[in-house]
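These notes are about the structure you will find just below.
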Amino acid sequence: AAPRALNVNVGVLGHIDSGKTALARALSTTGSTAAFDRAPQSRARGITLDLGFSCLRTALPPRLGPGPGELQFTLVDCPGHASLIRTIIGGAQIIDLMMLVIDVTKGMQTQSAECLVIGQIACQKMVVVLNKIDLLPEGKRQSAIEKMTKKMQKTLENTKFCGCPIVAVAAKPGGPEAPESENPIGVSELIEVLKSQVYLPSRDPSGHFLMAVDHCFSIKGQGTVMTGTILSGSVSLGDNVEIPALKVTKKVKSMQMFHTPVTYAMQGDRVGICVTQFDPKLLERGLICTPESLHTIHAAIISLKKIQYFRGPLQTKAKFHITVGHETVMGRVMFFSPAPADFTAEIEENVFDFEKDYLYQEEYLSKDSNSSEENKENDQAEVQLPRQQWALLEFEKPVTCPKLCLVIGSKLDTDIHANTCRLAFHGVLLQGMEDKNYVETFLPKLKVYKLKHKEGQVERAMDDYSVIGRSLFKKETNIQIFVGLKVKLSTGEEGIIDGGFGQSGKFKIRIPDGLKPDTKMLLNVASKKKSKAGKGDTAKEDESSKNDSAQPVTISLLFKRYVFDMQKKMIQS
């Protein structure tokens with residue numbers, strides 16, 4: 001048997017017109033079906049519209065295994081147009097090594113920065129390629145390259161790619177119009193660098209089969225072929241695979257890897273799978289999988305982290321473009337954190353604990369979020385940030401995705417020419433909600449609470465063990481539901497709401513330990529002033545109550561309410 005090729009997926013990312021496609025073409029020897037601007041709309045615009053794939057084969061470096069083996073780089077040419085970032089995110093999940101292509105005459109551009117962000121989320125290693133060095137005048141070429149190399153090293157300093165190789169090339173000297181005879185500069189050196197960066201990707205054949213299909217076409221008399229990259233699990237001849245988008249299951253009739261028939265393929269492999277005929281137009285791209293292993297969900301709980309380059313806060317109730325699996329849909333978010341007592345507790349990864357209580361947040365807590373601004377004013381220099389935060393995502397239309405998968409939130413409607421990162425957060429899907437009526441059937445299990453704080457005033461004492469309060473409730477409030485809740489007076493006494501008093505929203509509070517003498521004096525003074533004023537006309541009464549309200553005794557009611565509790569119960573610890 002021929003030695004198995006080790007397949008390594010190299011993402012070619014970069015700003016539009018940095019020369020990604022030309023570089024992929026210069027590197028590759030074997031074209032794969034989706035390669036090189038095949039799409040007609042892409043050729044017309046001269047840009048890559050879909051993830052193009054092509055490959056390059058070379059001998060397996062000895063450190064990666066004994067014997068003569070083949071190392072195959074599958075080059076995933078990711079589109080650079082800002083509006084096509086969805087596609088890049090789709091490709092990022094299968095990338096082992098990233099090449100960030102930079103136009104040496106321009107340096108970092110908006111999308112180069114976004115590619116860097118995606119790389120940090122999705123990939124372990126990177127090589128920076130400074131392209132188009134043929135545009136630099138020969139005398140100054142070396143110093144210009146050195147200058148840009150230093151600049152790139154500085155940019156990468158605070159990322160996980162700090163110290164990664166930086167290689168200068170000219171993929172297509174003379175530009176697109178130049179004759180094919182012009183040889184690329186620096187490409188063979190780049191191939192050596194790529195080989196030096198290769199590691200044995202951790203591939204796992206266990207788990208459900210899931211494949212990202214990027215091309216689909218039919219062959220007369222054979223069936224329909226889907227080409228793509230296996231994201232997880234493995235597939236064998238004769239297996240049944242489900243096409244969730246079409247709600248059908250098909251049998252695998254034959255498989256090929258780079259024009260060679262195979263009977264088995266696993267995670268990370270690039271493969272063509274032939275199944276019984278269906279209309280290929282129905283599935284240009286999408287996912288296929290082990291039957292019933294994907295779920296279609298209307299909402300999800302995710303754990304998440306904010307992307308540091310995103311400007312501005314992440315606010316609850318805001319809408320984001322959410323990329324899950326291979327789909328991007330609009331979704332609304334609600335952020336929540338551990339209860340304050342658990343801010344520093346260790347949290348198990350990739351599971352969500354429904355037994356715990358969580359605190360509702362108006363926005364994702366970060367060093368620069370609003371809630372921490374207030375604390376600065378209160379002289380709390382060190383804002384406590386929780387170890388982990390979560391969000392509830394509610395999708396505008398259902399999404400089909402694996403049970404645990406990468407989630408990216410972005411603001412793709414931001415002006416594409418604005419020089420700003422549009423990727424806002426990334427996270428892991430922990431729990432999907434398949435029931436359309438999840439608000440009734442599922443959300444009540446999610447114990448996210450808000451802390452509520454109401455304030456009122458003591459109107460007068462009735463006797464030593466009870467007072468009448470006002471301004472805590474609106475007139476129309478049903479006070480009955482508050483009966484039995486604990487309150488605290490600003491003078492220190494604890495009380496219990498006993499019931500309504502009269503019709504105007506006033507209420508009676510029982511003070512089990514009795515009023516303190518000082519409190520009685522305070523209340524006496526206040527009510528004496530009132531009764532004095534009462535003898536005159538009513539206009540004066542308003543004035544005098546304004547004057548004496550400088551030192552009223554206030555009533556404070558604290559409780560928590562679970563956001564998804566249909567009964568809206570008020571809970572006090």
Side-chain angles (χ1 to χ4, degrees), residues 13 15-16 80-89 92 107-122 154-160 299-324 328-338 343 358-378 380-396 406-429 448 450 563:
L13 289 90
H15 197 83
I16 181 161
H81 257 294
S83 55
L84 302 173
I85 198 158
R86 300 176 170 77
T87 321
I88 303 183
I89 298 172
M108 281 293 274
Q109 292 167 274
T110 320
Q111 285 161 271
S112 341
E114 289 180 336
C115 293
L116 197 53
V117 171
I118 293 169
Q120 286 194 85
I121 297 166
K154 189 132 188 62
T155 305
L156 298 174
E157 229 166 37
N158 300 320
T159 72
K160 72 171 173 191
I301 294 170
I302 66 167
S303 59
L304 79 156
K305 295 224 172 327
K306 179 175 177 179
I307 288 166
Q308 66 196 65
Y309 306 105
F310 184 77
R311 294 197 199 123
L314 304 180
Q315 285 170 326
T316 283
K317 297 203 173 99
K319 283 185 177 179
F320 289 90
H321 290 87
I322 313 282
T323 302
V324 206
T328 297
V329 296
M330 290 302 286
R332 195 178 284 286
V333 293
M334 180 195 89
F335 297 104
F336 57 97
S337 71
F343 263 33
Y358 298 93
L359 178 60
Y360 171 91
Q361 297 289 354
E362 286 294 342
E363 61 178 83
Y364 179 90
L365 301 175
S366 61
K367 289 202 230 11
D368 45 354
S369 60
N370 284 347
S371 22
S372 54
E373 290 293 323
E374 292 160 28
N375 294 352
K376 282 189 202 124
E377 289 162 27
N378 307 344
Q380 298 177 348
E382 204 32 64
V383 181
Q384 263 272 239
L385 291 178
R387 278 197 165 179
Q388 179 62 63
Q389 295 179 61
W390 296 270
L392 168 69
L393 302 180
E394 299 186 81
F395 303 119
E396 286 191 354
L406 173 70
V407 178
I408 297 180
S410 33
K411 283 270 190 204
L412 299 180
D413 39 11
T414 316
D415 172 22
I416 62 171
H417 304 295
N419 203 0
T420 157
C421 174
R422 293 163 308 153
L423 306 174
F425 59 82
H426 67 99
V428 177
L429 188 127
V448 174
K450 287 182 179 182
V563 180

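Since the structure is predicted, the reported quantities are computational estimates derived from the model, not experimental observations.
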Self-check item: Nearest heavy atoms of L392 and F336, plus distance in Å
Solution: N-CE2, 3.8 Å
Quiz item: In Å and rounded to the nearest 0.5 Å, what is the NE2 to CG distance from H426 to L406?
Solution: 8.5 Å
Quiz prompt | Stepwise side chain to side chain donor-acceptor pair (under 3.5 Å) check, Q361 with S337 | solution = CA-CA 7 Å; Q361 297 289 354; S337 71; 2.9 Å; yes
Quiz item: Atom CD of Q315 and atom CD of E362: how far apart are they, to the nearest 0.5 Å?
Solution: 8.5 Å
Quiz item: What's the shortest heavy-atom distance between Q388 and P338, and which atoms?
Solution: O-CD, 3.2 Å
Exercise. Please say whether the positively charged group of K411, taken as NZ for Lys or CZ for Arg, lies over the ring of F320, i.e. under 6.0 angstrom from the six-membered ring centre and within 45 degrees of the axis.
Key: yes
Exercise. Can you spot which of L359, L365, I302 makes a side chain to side chain contact (heavy atoms under 4.5 Å, CB included) with Q389?
Key: L365
Quiz prompt | All side-chain contact (heavy atoms from CB on, under 4.5 Å) counterparts of K317, not counting sequence neighbours | solution = R332, Y360
Quiz item: How far apart are the closest heavy atoms of F395 and V329, and which atoms are they?
Solution: CD2-CG2, 3.6 Å
Exercise. Would you give the length of the straight line joining atom CZ of F425 to atom OH of Y364, rounded to the nearest 0.5 angstrom?
Key: 10.5 Å
Quiz item: What heavy-atom pair brings L429 and A300 nearest, and what distance separates the two atoms?
Solution: CD1-CB, 3.7 Å
Quiz item: What closest approach, in Å, do M334 and V448 show between heavy atoms, and which atom pair accounts for it?
Solution: CE-CG1, 3.9 Å
Practice problem: First locate atom NE2 of H321, then atom CG of L423, and finally report the distance between them rounded to the nearest 0.5 Å. | Solution: 12.0 Å
Practice problem: For T155, enumerate each residue passing the side-chain contact (heavy atoms from CB on, under 4.5 Å) test, keeping only those at least two apart in sequence or located in another chain. | Solution: M108, L116
